[in-house]
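Accompanying notes for the structure given below.
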Amino acid sequence: MIKIKISNPIKGKNKISFMGFLMLKNLLRDYSIDITESDDYDYLFLGANDILNKKISLQESIDYGLENCNKITGDYFLFDGSDSTSLMGAYEVFEQSDAKFLFKNQLLKTREDYKKPTSFNKWFFKNGSDLDLGYDIPEETWKRIRLSGWNLGYLKGDYFRPTNQKWYEISKDKVFDLCAIFQANHPPNSDHLAENASFYTNHRKGAWEVIGDNPGYTYVKDKLPFQEYMNTLYRSKMSLSPFGMGELCYRDFEVFELGVAMIKPNMNIVNTTPNPYIPDETYIPVDLDWQDLNEVVLSMLDNQNQLDYIVNNSRKVYDNLYSAHTFCMYWYDFFSNLNNVKQETR
């Protein structure tokens, strides 16, 4: 039995990293993993709230994280559950500390993908910010940066989505070709004292600008109250799901749930587990700059069979990938490879 203690599990941004462990705490014991509050533990989990502070400068944040790491005796892992593949701040603390591993909910597929400096180390924000970052990650260090086995597909509010998942009957009254309802104008915001809201806004408003006023298909855009958005989404053939501060979005799984085909910037560079993003199988990929968006929408409207396939297949893929057993086995396998533990029951 591996004993895990989680530091401040629900404090601030730690919660998104550790909800899976808390939700499935009892079941994890069947997989030889005990989430304990005791100081008699094998590994301590330290979350983003204890290693990052994006309200201060990057160097001050790194110093803050290292100070907390230096208080720990014994083996510990770092978790950065932020909603993007960015390693900003977390990598520096990991590299300069004694942490055994750094876990992210999503990563770029290769260490080479991190080399080019981009705004806040977010590839989809491109460059040009006051904080462009890239990382030349040594191969041995890269081996210790791992996926957490958890992402937003597991959550519906504060509920474990796979247990409560409902697939709505697909609407027979789809009156809109494209649902492009989302927030585009981000309020003023910064990371480590560098402005970042404009990068979010430019990406999202860029989609509306490409759609224009008369793209040759019916659409709804702008931002609506949540229930109006859900009703409109349900009656749409396709839905746009842009990136936000990260690549994954709750909207992705709302689209699956309501029986709509999702259009999203190509996710091929992104790695996450579980990974429901299969181009032309579970979603329709478009360019990051949206330049092919109208062409893709019009093409798909001429291929109803493909739209139906993507809608149905996205649900099948989700059902096959997401479950309590999947998450527990992910961590059972991790510790098995690390410590040769034996699972007690399944």
Side-chain angles (χ1 to χ4, degrees), residues 1-54 56 58-82 86-107 111 135 137-151 154 273 327-345:
M1 184 74 73
I2 298 295
K3 294 182 180 179
I4 301 299
K5 182 175 182 179
I6 302 176
S7 178
N8 302 315
I10 61 172
K11 186 176 181 180
K13 292 187 177 297
N14 287 353
K15 186 177 180 181
I16 189 62
S17 292
F18 300 134
M19 285 184 75
F21 295 101
L22 301 178
M23 288 176 168
L24 302 176
K25 178 179 179 179
N26 294 332
L27 182 60
L28 279 164
R29 293 192 184 100
D30 293 338
Y31 295 77
S32 299
I33 300 169
D34 181 30
I35 307 300
T36 180
E37 297 180 4
S38 167
D39 287 331
D40 177 24
Y41 59 80
D42 296 299
Y43 300 101
L44 179 72
F45 286 1
L46 205 63
N49 207 73
D50 297 307
I51 63 171
L52 299 170
N53 184 348
K54 294 183 179 180
I56 57 180
L58 179 58
Q59 187 57 56
E60 288 174 317
S61 176
I62 294 166
D63 293 341
Y64 163 79
L66 289 172
E67 181 181 355
N68 286 332
C69 289
N70 290 335
K71 297 175 184 177
I72 301 170
T73 57
D75 293 334
Y76 61 97
F77 302 162
L78 304 183
F79 285 74
D80 173 14
S82 58
S86 171
L87 294 176
M88 179 180 65
Y91 179 77
E92 291 88 344
V93 174
F94 175 57
E95 185 183 35
Q96 298 175 48
S97 72
D98 293 325
K100 299 296 183 182
F101 293 91
L102 169 63
F103 288 93
K104 289 277 297 179
N105 291 352
Q106 45 269 336
L107 288 163
R111 63 192 179 96
Y135 298 102
I137 306 171
E139 185 174 357
E140 289 304 310
T141 303
W142 179 247
K143 291 177 182 178
R144 297 188 295 120
I145 302 176
R146 303 287 187 89
L147 291 170
S148 65
W150 181 265
N151 58 42
Y154 273 119
T273 297
F327 178 77
C328 292
M329 275 302 298
Y330 181 88
W331 281 94
Y332 169 76
D333 288 340
F334 171 80
F335 284 117
S336 294
N337 292 328
L338 195 63
N339 297 288
N340 295 317
V341 298
K342 294 181 178 180
Q343 185 181 10
E344 295 181 354
T345 62

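- The backbone N or O of Phe327 lies less than 3.5 Å from no partner atom in the side chain of Tyr332, so there is not a single donor-acceptor pair.
- In this structure, the side chains of Thr36 and Ile4 stay at 4.5 Å or more apart for every pair of heavy atoms.
- Each of Ser86, Ser148, Ser82, Ser17 was compared with Lys104 under the side-chain hydrogen bond (donor to acceptor under 3.5 Å, both in side chains) criterion, and only Ser82 meets it.
- Note: Phe103 and Phe77 meet the aromatic proximity criterion, with ring centroids under 6.0 Å apart.
- Using a 4.5 Å heavy-atom threshold, the side chains of Arg144 and Glu140 count as separate.
- Looking at heavy atoms from C-beta onward, Tyr43 lies in side-chain contact with Leu338 at the 4.5 angstrom threshold.
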| field | Residues Ile33, Met1; criterion side-chain contact (heavy atoms from CB on, under 4.5 Å); working and verdict | value | CA-CA 6 Å; Ile33 300 169; Met1 184 74 73; 5.5 Å; no

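- The side-chain contact (heavy atoms from CB on, under 4.5 Å) with Glu92 is formed by just one residue from the set Ile51, Ile62, Leu87; it is Ile62.
- If you take CG on Asp50 and CG on Asn68, they are separated by 5.5 Å, rounding to the nearest 0.5 Å.
- Between Phe335 and Tyr31, the ring centre distance reaches or exceeds 6.0 Å.
- Of all heavy-atom pairs spanning Ala90 and Asp80, the tightest one is CB-OD2, 3.7 Å.
- Panel note: side chain Asn14, backbone Ile10; no donor-acceptor pair is recorded below 3.5 Å.
- Looking at Tyr76, its side chain does come within 3.5 Å of a backbone N or O of Asp98 through a donor-acceptor pair.
- Across every non-hydrogen atom of Tyr91 and Pro138, the tightest pair is OH-CD, 3.5 Å.
- Contact check for Arg111 versus Glu139: side-chain heavy atoms found under the 4.5 Å cut-off.
- We find the CG-CD distance between Asp63 and Gln96 to be 8.0 Å, quoted to the nearest 0.5 Å.
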| field | Intermediate values then yes/no, side-chain contact (heavy atoms from CB on, under 4.5 Å), Asn49 and Asn8 | value | CA-CA 8 Å; Asn49 207 73; Asn8 302 315; 6.0 Å; no

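- Note that the NZ atom of Lys3 and the OH atom of Tyr41 stand 12.5 Å from one another [nearest 0.5 Å].
- At least one side-chain heavy atom of Ser97 sits less than 4.5 Å from a side-chain heavy atom of Leu78.
- Looking at every heavy atom in both residues, Asn105 comes nearest to Gly81 through ND2-O, 3.6 Å.
- The ring of Phe21 has its center closer than 6.0 angstrom to the ring center of Trp331.
- Ion pairing of Lys100 with Asp75 is present here, as a side-chain N (NZ or NE/NH1/NH2) and a carboxylate O approach within less than 4.0 Å.
- Contact check for Cys69 versus Leu46: side-chain heavy atoms found under the 4.5 Å cut-off.
- Of all the heavy atoms in Ser61 and Asn53, the pair that sits closest is OG-N, 3.0 Å.
- The OH atom of Tyr135 sits 7.0 Å away from the CE atom of Met88 when rounded to the nearest 0.5 Å.
- Proximity of the aromatic rings of Phe334 and Phe101 is defined here by a centroid distance below 6.0 angstrom, and this criterion is met.
- Note: Phe18 and Phe79 meet the aromatic proximity criterion, with ring centroids under 6.0 Å apart.
- Within a 6.0 Å radius of NZ in Lys13, no more than 12 heavy atoms belonging to other residues, nucleotides or ligands are found.
- Across all non-hydrogen atoms, the minimal contact from Thr141 to Phe94 is CG2-CE2, 3.8 Å.
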| task | Under the salt bridge (Lys or Arg N to Asp or Glu O under 4.0 Å) rule, what do Asp34 and Arg29 come out as? Steps first, then yes or no, please. | result | CA-CA 5 Å; Asp34 181 30; Arg29 293 192 184 100; 3.2 Å; yes

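- Considering CG of Leu24 and SG of Cys328, their distance stands at 5.0 Å, rounded to 0.5 Å.
- Taking CG of Leu22 as the start and NZ of Lys15 as the end, the distance is 9.0 Å to the nearest 0.5 Å.
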